[in-house]
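In what follows, residues are counted from 1 in the order of the sequence shown. Just the heavy atoms: all of them, side chains too, but no hydrogens, waters or symmetry mates, feed the values below.
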Amino acid sequence: MSKYETLKKLFETHSNPERAISMSKYMKDQFSFYGIAALDRRNLYKDFLKTEKKQDSIDWEFINQCYSDAHREFQYLAYEYLLAMKKQLSFEDISSVKALVKKKSWWDTVDFLAQVVGNIAMKDSRVDALMLAWSQEENIWVRRVSILYQLRFKEKTNTTQLEQILLNCLGTNEFFINKAIGWALREYSKTNPDWVRTFLENHQAQMANLSIREASKYLS
């Protein structure tokens, strides 16, 4: 039995149809669920991920099987697998990550895939130029990743990069872009509030109210 088949059987055994309905409604009925709570789900494959981390390479066949499954828990498993395998990930994997970003896209998976890209960027500076290019793409989820990939970088944030990406993404009515802009600025304000204040002063005329409101949350 393959990894995917083994985990599918495990998910099926622990499914909760009643919870699955409410989980699907929360995601605007875009996805099917087994109805497994997040903590329970992670416990089910905790040992599996621990074993996989010892492998030398990423099993993209397994990831693609997870993304082909109709149940959202398998997409969650895929990104948690990639987060667990951050040492094995390389710049060459980003095209495959991008394909996942554009497949079954919604904030619940895309934001974690942004973290996957960020993990690669921490060890390969070539990612920065690629993210600048992503920030100008038509697909909103690809652009959202470019906005958020430095979200956890704190003092290691490349502010020149962040500013250019944000400027590339201003002037839209797209909720998920404007929310991401505000989130990126809000998070960085915890590290460098003066930089965020200056950005807002210089560019608020071009910014959506949502972005300004989110960005200002921790600014006095």
Side-chain angles (χ1 to χ4, degrees), residues 3 38 42 45-67 74-137 139-169 176-177 180-193 195-196 199:
K3 302 174 192 175
R42 293 187 181 109
Y45 51 67
K46 179 176 62 177
D47 291 339
F48 165 74
L49 292 182
K50 190 180 296 184
T51 300
E52 288 297 303
K53 285 171 72 172
K54 299 174 184 177
Q55 304 303 312
D56 296 328
S57 60
I58 306 294
D59 187 345
W60 281 105
E61 181 182 357
F62 168 69
I63 293 171
N64 289 328
Q65 285 178 311
C66 289
Y67 254 77
F74 267 107
Q75 282 90 69
Y76 298 159
L77 169 56
Y79 72 60
E80 291 197 354
Y81 170 90
L82 288 170
L83 289 172
M85 300 289 281
K86 63 181 181 180
K87 290 183 179 179
Q88 291 87 339
L89 280 166
S90 69
F91 182 80
E92 287 68 31
D93 291 306
I94 290 187
S95 61
S96 297
V97 176
K98 185 179 184 180
L100 300 183
V101 171
K102 297 169 77 171
K103 187 176 183 181
K104 299 185 179 179
S105 307
W106 201 242
W107 62 265
D108 59 328
T109 53
V110 169
D111 292 356
F112 280 96
L113 293 173
Q115 188 177 342
V116 171
V117 172
N119 287 340
I120 301 172
M122 289 290 283
K123 57 186 179 182
D124 196 321
S125 61
R126 290 178 293 173
V127 175
D128 287 343
L130 189 59
M131 290 302 101
L132 277 176
W134 284 23
S135 71
Q136 299 179 78
E137 291 208 11
N139 185 287
I140 65 165
W141 301 108
V142 172
R143 278 189 283 149
R144 186 172 167 102
V145 169
S146 74
I147 295 167
L148 297 178
Y149 84 102
Q150 293 193 89
L151 195 66
R152 292 166 176 79
F153 283 20
K154 298 182 180 179
E155 68 281 349
K156 294 181 180 179
T157 299
N158 180 335
T159 53
T160 301
Q161 172 86 350
L162 177 61
E163 181 170 25
Q164 187 57 60
I165 286 174
L166 295 181
L167 291 177
N168 287 347
C169 294
F176 288 106
I177 295 299
I181 290 169
W183 185 15
L185 289 169
R186 183 185 74 206
E187 194 64 24
Y188 190 53
S189 74
K190 298 175 186 177
T191 299
N192 193 339
W195 188 93
V196 175
F199 184 92

Minimum heavy-atom distance Leu132-Gln164, with the two atoms named: CD2-CG, 3.6 Å

Salt bridge present between Lys46 and Glu80 (N-O < 4.0 angstrom): no

Audit row: Thr159, Tyr188, side chain to side chain contact (heavy atoms under 4.5 Å, CB included) steps and yes/no: CA-CA 9 Å; Thr159 53; Tyr188 190 53; 3.2 Å; yes

From Lys123 atom NZ to Leu89 atom CG, the distance as rounded to the nearest 0.5 Å: 6.0 Å

Side-chain touch Gln75/Phe112, heavy atoms, less than 4.5 angstrom: no

Whether over 12 other heavy atoms sit under 6.0 Å from Lys190 NZ: yes

Distance-minimising heavy-atom pair for Ile181 and Cys169: CD1-O, 3.7 Å

Within-4.5 Å side-chain heavy-atom neighbours: Ile94 and Phe91: yes

Short side-chain donor-acceptor distance under 3.5 Å, Tyr149 and Gln161: yes

Considering all heavy atoms, the nearest Ile58-Gln88 contact: CD1-CB, 3.9 Å

Flag, side chain of Thr109 to backbone of Ser105, donor-acceptor distance under 3.5 Å: no

Geometric class of the Trp141/Phe176 ring pair [parallel <30°, tilted 30-60°, perpendicular >60°]: tilted

Smallest separation among heavy atoms of Ile140 and Ile177, with atom names: O-CD1, 3.3 Å

More than 12 heavy atoms of other groups within 6.0 Å of Lys53 NZ: no

Nearest heavy-atom neighbours spanning Ser135 and Asn168: OG-ND2, 2.9 Å

Between NZ on residue Lys98 and CG on residue Leu113, distance to nearest 0.5 Å: 13.5 Å

Straight-line distance of Leu166 CG to Phe199 CZ, nearest 0.5 Å: 4.5 Å

Pair Val127-Met131, side chain to side chain contact (heavy atoms under 4.5 Å, CB included): steps then yes or no: CA-CA 6 Å; Val127 175; Met131 290 302 101; 3.9 Å; yes

Trace of the side chain to side chain contact (heavy atoms under 4.5 Å, CB included) decision for Asp59 with Tyr81: CA-CA 9 Å; Asp59 187 345; Tyr81 170 90; 3.4 Å; yes

Approximate separation, where rounding is to 0.5 Å, of Asn119 CG and Arg152 CZ: 9.0 Å

Heavy-atom side-chain contact between Gln65 and Lys3 under 4.5 Å: no

From CA spacing to verdict: side chain to side chain contact (heavy atoms under 4.5 Å, CB included), Cys66, Ile63: CA-CA 5 Å; Cys66 289; Ile63 293 171; 5.5 Å; no

Tyr79 and Tyr76 aromatic ring geometry - parallel, tilted or perpendicular at 30°/60° bounds: tilted

N/O donor-acceptor pair under 3.5 Å between Glu52 side chain and Met85 backbone: no

Euclidean distance, Ser125 OG relative to Leu130 CG, rounded to 0.5 Å: 12.0 Å

Lys86 atom NZ: more than 12 heavy-atom contacts under 6.0 Å: no

Nearest heavy atoms of Gly118 and Phe153, plus distance in Å: O-CZ, 3.4 Å

Backbone N/O of Glu61 and side chain of Asn64: donor-acceptor pair under 3.5 Å: no

Rounded distance [0.5 Å steps], CD in Glu137 versus NZ in Lys102: 6.0 Å

Side chain to side chain contact (heavy atoms under 4.5 Å, CB included) partner of Leu162, the single match among Val196, Thr157, Leu151: Thr157

Non-hydrogen side-chain atoms of Leu82 and Gln115 separated by less than 4.5 Å: no

Criterion ring-ring contact (aromatic ring centres under 6.0 Å, His included) against Phe62, the qualifying member of Phe48, Tyr67, Phe74: Phe48

